[in-house]
Amino acid sequence: MVIETIGAVTLATHDMPRAVRFYLSLGFAIAHGGESASFTSFRAGGDFLNLIAASDEKHWSWWGRIIFHVSDVDALYERALAAGHRPSTAPCDAAWGERYFHLTDPDGHELSFAKLLAEMR
């Protein structure tokens, strides 16, 4: 038996409308829900990124990072800048063989957008 894939990742948000607008601005497409929903799913290739509304009493600290593989790291970086976001890194080539940049969503969840360097050649 092997675990074959992650079907979805669910992140909590204190402000669903703001979070939905953030992910839409990066090019994610809504599969279910939206700004007025308590649960929203975005397509991420064949899988899903979910948002769930959390009460103001619910707090979290740094938990990790989600890595999304994208077709063009530099184009997404430019899209993020054009949308007014402030990535914490500029696109760069990593020793482990990926080109990537990091961006934190409005609720503090760290996101990485990457492409394997071998696929870029």
Side-chain angles (χ1 to χ4, degrees):
M1 195 283 305
V2 297
I3 297 171
E4 296 178 345
T5 187
I6 295 174
V9 172
T10 301
L11 303 175
T13 181
H14 290 123
D15 187 336
M16 185 65 75
R18 179 187 67 186
V20 167
R21 289 189 301 271
F22 173 84
Y23 285 99
L24 287 173
S25 76
L26 295 174
F28 285 83
I30 294 177
H32 171 80
E35 289 188 31
S36 62
S38 61
F39 185 85
T40 299
S41 290
F42 294 94
R43 296 194 187 287
D47 302 311
F48 297 91
L49 170 66
N50 301 322
L51 298 175
I52 190 165
S55 68
D56 289 338
E57 293 79 38
K58 180 73 174 173
H59 298 282
W60 49 86
S61 61
W62 193 80
W63 56 276
R65 178 180 297 130
I66 298 174
I67 300 167
F68 294 96
H69 282 174
V70 298
S71 60
D72 189 329
V73 171
D74 296 280
L76 183 56
Y77 178 79
E78 292 301 323
R79 181 180 183 144
L81 291 177
H85 306 308
R86 298 178 188 262
S88 58
T89 62
C92 62
D93 296 345
W96 57 86
E98 286 183 329
R99 182 163 182 78
Y100 74 96
F101 75 93
H102 296 314
L103 177 65
T104 302
D105 83 359
D107 288 288
H109 303 298
E110 290 193 20
L111 313 172
S112 182
F113 298 95
K115 180 152 183 89
L116 295 173
L117 289 172
E119 293 177 358
M120 297 176 68
R121 294 185 180 123

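The residues of the chain are indexed from 1 along the displayed sequence.
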*For the student: nearest non-hydrogen atoms of Val73 and Pro91, plus distance*: CG1-CB, 4.0 Å
_Give me the atom names and distance for the closest heavy-atom approach of Gly33 to Ile30._
O-CG2, 3.8 Å
_His85 side-chain N/O to Arg79 backbone N/O, donor-acceptor pair under 3.5 Å_ = no
_Least distance between heavy atoms, Pro87 atom then Phe101 atom_ = CB-CD1, 3.9 Å
*asked:* Minimum heavy-atom separation for Gly64 and Glu110, please, with both atom names.
replied: O-CB, 3.6 Å
*Nearest 0.5 Å, what's the NE2-OG1 distance between His102 and Thr104?*
9.0 Å
_Using 0.5 Å steps for rounding, measure from the CG atom of Leu111 to the OG atom of Ser88._
9.5 Å
*asked:* Please find the pair of heavy atoms, one from Val20 and one from Phe42, that lie closest to each other, and give the distance.
replied: CA-CZ, 4.0 Å
_Donor-acceptor under 3.5 Å (His14 side chain, Ser55 main chain)_ = yes
*asked:* Leu51 vs Met16, test: side chain to side chain contact (heavy atoms under 4.5 Å, CB included). Steps then yes/no.
replied: CA-CA 8 Å; Leu51 298 175; Met16 185 65 75; 3.9 Å; yes
*With Arg99, which of Leu116, Asp72, Asp74 fulfils side-chain contact (heavy atoms from CB on, under 4.5 Å)?*
Asp74
*Is Ile52 linked to Leu24 within one hydrophobic cluster, defined over Ile, Leu, Val, Met, Phe, Trp and Tyr using a side-chain heavy-atom separation of less than 4.5 Å?*
no
_side-chain hydrogen bond (donor to acceptor under 3.5 Å, both in side chains) partner of Thr13, chosen from Asp105, Asp107, Thr40_ = Asp107
_Do Trp96 and Val70 land in one hydrophobic cluster if side-chain heavy atoms of ILVMFWY residues count as linked below 4.5 Å?_
no
*Can you get from Phe28 to Leu81 by hopping between Ile, Leu, Val, Met, Phe, Trp and Tyr side chains that sit under 4.5 Å apart?*
yes
*First locate atom OG1 of Thr89, then atom OH of Tyr100, and finally report the distance between them rounded to the nearest 0.5 Å.*
5.5 Å
*Report yes if the side chains of Phe68 and Leu76 come closer than 4.5 Å at any heavy-atom pair, otherwise no.*
no
*Shared ILVMFWY cluster between Val9 and Leu103, side chains joined below 4.5 angstrom?*
yes
*Which pair of heavy atoms, one from Ala94 and one from Leu117, lies closest together, and at what distance?*
O-CD1, 4.1 Å
*Under a 4.5 Å side-chain heavy-atom rule over Ile, Leu, Val, Met, Phe, Trp and Tyr, are Phe48 and Tyr23 clustered together?*
no
